[in-house]
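In this chain, numbering begins with 1 at the start of the sequence shown.
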Amino acid sequence: MSATSESSSAVAADFVLRGASELVTMSAPPAEGLGAIAGGALAAKDGVIVWVGREAELPQAVDLAPDGLDIDAQGRCVLPGFVDAHTHVPFAGSRAAEYGERLAGASYGEILASGGINVTVEATREASEEELARLARLRYDSMLRHGTTTAEVKSGYGLTVADEAKQLRAAATPHPLRRELTFLGAHFVPPEYAGRADDYIRLVCDEMIPACAPLARWCDVFCDEGAFTVAQARRVLLAGRAAGLSLRIHADELARSGGSMLAAELGCASADHLIHATGEEIAALKAAGVVAVMLPGTSYTLGVEFAPARAFLEAGVTIALASDFNPGTCDCENLQMMISLACQGMKLTPDEALHAATAGGAVALRRDDVGSLEVGKRCDFGVLVAESRTELPYHFGVNLVSDVVVGGRVAVQDGVVAREAPAPEPAAPLAKQAFPDRGGTA
Ligand SMILES: [Zn+2]
């Protein structure tokens, strides 16, 4: 090696973040403090992190391009972007009235008789692809503002070949939020197939999957009491796999109904809900390396018990924390709220919940490029209106994220989504103005 100037050993970057009170890298497990660096900084090039360390080392370590973006977190906490591994974003219509009916004591059957999920199916079928895409973008904006930078997004309210494909195309509408699209044609039996579930499964396997597989990465199925049986779910997942899709499953939410065991049998990436999982299911998921996706917002909305998250953790199962954002049982896209609910309802520690909402979500989606702030990962992070991550579950019900960066570009500044994909140069530094009042804009 020839002698070179000091700067030539520095890594080239076009993006620098400095001024973090703590940079939560998520490079270590919860028991080891999540790899948080007090006074941390990072640098990126072309949207990928090239350096992480203490800010004091930044000048020697990083060579920032003259036109690079230099962001000052102004003494606030910086976290990896949340990875929401379970959402049902593209739908039309509202079911807010149903919530009041349920609180007043209406049963699931009574709600279904007056509409229920069929209200969403009807509205989604009637909506144009453009309208669904518009609605999806509004929800993606909200997810970004709350710190989510990667989200899994399911179809499942079209329930015809054309309408499922329409939902998936709408879900792929251009937006800074990273997405993983999932075909969920086997969400439930649509009204026109009432009493003929096997005929519907045939339609899903023979026609929907061939039409939708090119539009998605994942195939999901709702395997539960009142939804699809294990045998039906197996047919759908095997057809999905044969069409090139990877697998995930709604399992053991309404009853202990075999979904987890099927997830283990087929090697699904995740099994989701799991309220009724017992030791047998937990052991099977552990042995098969299936991620357990916890959805506390649904338990909260329905007023039912929470999934046994602690038992999964103690068995060594990787858990993810997701929103289950959907119009019927969890109209909440805010993973900060899920972190708070998981601490209270599932007895996770704040760091366990935060890990599950970032690194855990990435494992559930089998992505090794998001979920932590490490060299080689995407430069996706959120800046809190707080000095410490400990505020997250404690100061609940409001949006503590003020600024969000996706791929080294400012996507949310001071609570406002950047309207245009930030061009290489203008992207203004984060929050030059004084901090907004604690509380933000929930
Ligand atoms: Zn779901």
Side-chain angles (χ1 to χ4, degrees), residues 1-29 32-83 147 149-150 176 178 355 358-359 362 367-384 387-389 401-414 418 421-433 435:
M1 285 192 43
S2 59
T4 53
S5 71
E6 244 181 42
S7 65
S8 69
S9 65
V11 60
D14 58 19
F15 177 99
V16 159
L17 168 85
R18 64 178 82 232
S21 54
E22 65 171 350
L23 180 76
V24 185
T25 66
M26 216 56 68
S27 62
E32 293 167 27
L34 304 179
I37 303 173
L42 64 75
K45 187 161 190 341
D46 300 328
V48 175
I49 296 171
V50 293
W51 182 86
V52 180
R54 302 182 67 83
E55 185 172 343
E57 298 156 11
L58 184 68
Q60 281 71 45
V62 172
D63 183 12
L64 178 63
D67 60 348
L69 189 56
D70 192 343
I71 286 179
D72 185 351
Q74 299 187 323
R76 295 175 287 171
C77 173
V78 176
L79 304 167
F82 296 129
V83 180
T149 52
T150 301
R178 299 188 196 283
H355 188 270
T358 52
R367 287 189 68 140
D368 59 9
D369 63 335
V370 296
S372 67
L373 299 175
E374 299 174 274
V375 172
K377 306 271 179 150
R378 307 272 179 191
C379 184
D380 297 355
F381 64 81
V383 182
L384 298 184
E387 286 181 21
S388 165
R389 65 187 188 276
V401 171
S402 61
D403 302 274
V404 177
V405 165
V406 180
R409 293 177 168 201
V410 177
V412 176
Q413 183 169 4
D414 204 18
E425 22 64 55
L430 285 175
K432 277 292 179 211
Q433 52 278 71
F435 290 2

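Residues Lys45 and Ala12 approach most closely at CD-O, 3.5 Å, considering heavy atoms. The minimum heavy-atom distance linking Gly408 with Leu69 is given by the pair O-CD2, 4.0 Å. Smallest separation of non-hydrogen atoms from Gly371 and Ala362: CA-CB, 4.1 Å. Taking every heavy atom of both residues into account, Asp72 and Gln74 meet most closely at OD1-N, 2.8 Å. The two residues Thr358 and Gly81 have their closest heavy-atom pair at CG2-O, 3.8 Å. Closest approach of Ala43 and Ala13 over heavy atoms only: CB-CB, 3.9 Å.
A donor-acceptor pair is defined here as one N or O able to donate and one able to accept, closer than 3.5 Å; no such pair exists between the side chain of Asp369 and the backbone of Lys377.
In this structure, the separation between CG on Leu42 and CZ on Phe15 is 6.5 Å, given to the nearest 0.5 Å. Distance check: Leu373 CG to Phe381 CZ gives 8.0 Å after rounding to the nearest 0.5 Å.
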For residues 47-58, which side-chain N or O atoms pair as donor and acceptor with protein atoms under 3.5 Å away, sequence neighbours left out?
residue	atom	partner	partner atom	Å
Glu55	OE1	Gly19	N	2.8

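With a 6.0 Å radius and a threshold of 12 heavy atoms from other residues, nucleotides or ligands, Glu387 has its CD atom at or below the threshold.
A side-chain hydrogen bond (donor to acceptor under 3.5 Å, both in side chains) check over residues 10-27, counting only residues at least two apart or in different chains, returns the pairs Arg18-Asp70, Glu22-Arg389, Thr25-Ser27.
Contact of the Val375 side chain with the Val11 side chain is not registered, since no non-hydrogen atoms from C-beta on lie closer than 4.5 Å. A 4.5 Å side-chain heavy-atom check between Ile71 and Val405 finds at least one atom pair inside the cut-off. Using a 4.5 Å heavy-atom cutoff, the side chains of Arg378 and Thr149 are not in contact.
Not counting sequence neighbours, the partners of Thr150 by the side chain to side chain contact (heavy atoms under 4.5 Å, CB included) test are Val83, Arg178, Leu365, Arg367, Val370, Asp380.
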